[in-house]
Amino acid sequence: MPTELAAFQSASARADTTRQSLYQPCVLLLAAVAAGMVCDRYFPLGPRLWFCCSLATAALWCLAWWKRRELIAAGLLLSAAFLAGGAWHHDQWRLVRDDEVGLRITEEIRPLVCEAVALTSPRWSPAPPLSPLRTIPKGDETELLVELRSIRDGGTWRSASGYAQLDVEGHLLNVRAGDRIRLMVLASQPMKPLNPGEFDYNAHERSRRVFCRMRGLFPESVSLVERGSWWSWRLWLSRLREAGNSTLREHIHPRRSTLAAAILIGAREQLDPERNEGFLVTGTIHVLSISGLHVGILAYGFWTLFRTGLFPRRPMLWAAIGLTILYCLLTDSQPPIVRATILIVAVCISLFWGRPALGMNTLAFAGLVVLVLTPAALFQAGPQLSFLSVAAMILFAPWLTKRVEYDPLDLLIARSRPWYQRAVAAVVGEFYRVWLSICMESVIIAALLWLWNVRPNS
């Protein structure tokens, strides 16, 4: 009788697991939203048509849901998600305000006088070494992202909008995030590729909604108009980033501190060009990019402290959630980091409530959040590689994770083997799982690289 009861409970648990694995609503929503964005990228419709159709479909879904027509409601919901994805991509990729500064300039460099608000604190980058290939010497530079507020047209100031990337020769010391500044710079649009297959810098900046590049020839070309509020979250993030960078420079050798800052907080602008070129030539430039691996290591450290039992469970989970979100904001919230942060937050919440976290469903929810924040991420190689790699690891989790024996007889047989057999089996199994993970990731990387290499020629 106990054996039959255990078999029934095991069968019920497997049935529940099967139903949970099949119930993945966010996967369908993500597919619908992504399909709408792809449709707008290659077959754009009018903005009014996108928005009106999405609102009408959402109203029909509410009516079908109220009438208890579940199948029709599900179809209308997916249709509404498709139209909403196309409308959101159209808004973020194709629509700009009439006073957008990028509409007033071209790729030809021209002088510009404007006022803007600094969105980030100045980030210093060192001068490249002397080289016979560089005829004009180049010194230290400072870069920051600004939001335009007004532009001078002759003797009249006119309202303006849009984001711009500002590069200033020298060190900009009197500006911080949130300050209102006046700029006397050279401005131009980001350049489009001149040769087939060349990196499209214009599309890259467009994905950030940056339609203008500005360059100041000296630090005095940037003057302070008004100090920003001390309560600005951008200012506090910038100060925290600068404090971390200063701590690394204080405790680590100067030649290694820039590398540590690039790996830990994503401050690649301070890495000397020779070392940056070395990583690029050897094909290991991805080591310097902040990715989900960094967030995973951070969360794993908290998980290790949690398993020791020295700290209460719930405070540790909340601390892990807060720290991962803060680290995501500190490293500029790139799509792979947002994806890893959402997955870690979902796992912590599932542990907090004692419920299982569905892998593919949680990953799809992270994809929805990324597409809401950055619709252009759907068409970039980095986010594609990040999400596809994690999706493959989730799908092949039974082969990539160590098998756990639940049957008492199997456990007894495994423990009765000699210690050297168990050690060899554990080492071989670990090497096999690592090898399988590397092979799987290599196939995905090779497929994406091939796709991105043949796309310009197609």
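Index from 1, following the sequence. Just so you know, these numbers come straight off a predicted model, no measurement behind them.
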Run the side chain to side chain contact (heavy atoms under 4.5 Å, CB included) test on W318 and I321 for me, step by step, so that the C-alpha distance in whole Å, both residues' side-chain angles and the decisive distance to 0.1 Å come before the verdict. CA-CA 5 Å; W318 285 117; I321 292 175; 4.0 Å; yes

Quick one: pull up CG in D179 and OG in S121 and give me the separation to the nearest 0.5 Å. 8.0 Å

Step by step, would you call R182 with E115 a salt bridge (Lys or Arg N to Asp or Glu O under 4.0 Å)? CA-CA 4 Å; R182 180 169 297 174; E115 289 189 357; 2.4 Å; yes

If you count every heavy atom of other residues, nucleotides or ligands that lies below 6.0 Å from W124 atom CH2, does the total exceed 12? yes

Exam field: side chain S386 to backbone G382, donor-acceptor pair closer than 3.5 Å: no

Shortest non-hydrogen separation from I181 to V225 and the atoms involved: C-CG2, 3.9 Å

Only residue of E143, E107, E205 satisfying salt bridge (charged side-chain N to carboxylate O under 4.0 Å, His left out) with R213 is E205

Pairwise distance OG1(T341) to CD(Q334) - rounded to 0.5 angstrom: 11.5 Å

Evaluate side-chain hydrogen bond (donor to acceptor under 3.5 Å, both in side chains) for W50 paired with D40, printing each intermediate quantity in order. CA-CA 9 Å; W50 275 120; D40 180 75; 3.0 Å; yes

Are any of the side-chain heavy atoms of V338 and T374 separated by less than 4.5 Å? no

What are the two closest non-hydrogen atoms of A73 and W65, and how far apart are they? CB-N, 4.0 Å

If you count every heavy atom of other residues, nucleotides or ligands that lies below 6.0 Å from E226 atom CD, does the total exceed 12? no

Ignoring hydrogens and angles, tell me if any N or O in the side chain of S333 forms a donor-acceptor pair with the backbone of C328 under 3.5 Å. yes

Spell out, as yes or no, whether a donor-acceptor pair under 3.5 Å connects the side chain of R209 to the backbone of Q92. yes

What I want to find out is whether E141 reaches R215 closely enough, with some N-O distance under 4.0 Å, to be called a salt bridge. yes

Check this for me: I109, atom CD1, are more than 12 non-hydrogen atoms of other residues, nucleotides or ligands nearer than 6.0 Å? no

Answer yes or no: is there a side-chain heavy-atom contact under 4.5 Å between S161 and L148? no

Roughly how far, to the nearest 0.5 Å, is the CZ atom of F51 from the CG atom of D91? 4.5 Å

Evaluate the side-chain proximity of L235 to R176: yes if any heavy-atom separation is below 4.5 Å, no if none is. yes

So, do L363 and F387 sit near enough that their side-chain heavy atoms are less than 4.5 Å apart? yes

Mind checking whether L183 and V222 have side chains closer than 4.5 Å, heavy atoms only? yes

Indicate the atoms forming the closest heavy-atom contact of L95 with P47, along with that distance. CD1-CB, 4.1 Å

For the OG1 atom of T362 and the CD1 atom of I349, what is their distance to the nearest 0.5 Å? 10.0 Å

L112 to A187 - nearest heavy-atom pair and separation: CD2-CB, 3.7 Å

Test side chain to side chain contact (heavy atoms under 4.5 Å, CB included) applied to I105 and C212, step by step: CA-CA 8 Å; I105 59 177; C212 180; 3.4 Å; yes

Value for CG (D167) from CG (L217), rounded to nearest 0.5 Å, stands at 11.5 Å

Return yes if some donor-acceptor pair links the side-chain N/O of T120 with the main-chain N/O of L145 below 3.5 Å, else return no. yes

Where the side chain of W93 meets the backbone of A376, is there a donor-acceptor pair that is under 3.5 Å apart? no

Is there side-chain contact between R208 and Y163, with at least one heavy-atom pair below 4.5 Å? no

Check step by step if side chain to side chain contact (heavy atoms under 4.5 Å, CB included) holds for F82 and C39. CA-CA 9 Å; F82 171 84; C39 180; 4.0 Å; yes

For W236 and W230, indicate whether the former's side chain and the latter's backbone hold a donor-acceptor pair under 3.5 Å. yes

Is there a donor-acceptor contact under 3.5 Å from the side chain of T142 to the main chain of G170? yes

Does the R94 side chain pair with the main chain of R41, one donor and one acceptor, at a distance under 3.5 Å? yes

Starting at OG of S150, measure out to CG of D99 and round the result to the nearest 0.5 Å. 10.5 Å

Would you call L237 and L326 a side-chain contact if the rule is heavy atoms closer than 4.5 Å? yes

A377 versus V370, closest heavy-atom pair with distance: CB-CG1, 3.9 Å

Within the structure provided, determine whether V369 and F365 are in side-chain contact (heavy-atom separation under 4.5 Å). yes

Are more than 12 heavy atoms from other residues, nucleotides or ligands located less than 6.0 Å from atom CH2 of W157? yes

Kindly indicate, with the supporting measurements, whether the criterion side chain to side chain contact (heavy atoms under 4.5 Å, CB included) is fulfilled by L78 and L29. CA-CA 6 Å; L78 292 179; L29 286 177; 4.2 Å; yes

With a cut-off of 6.0 Å (strictly less than), are more than 12 heavy atoms of other residues, nucleotides or ligands near CZ of R97? no

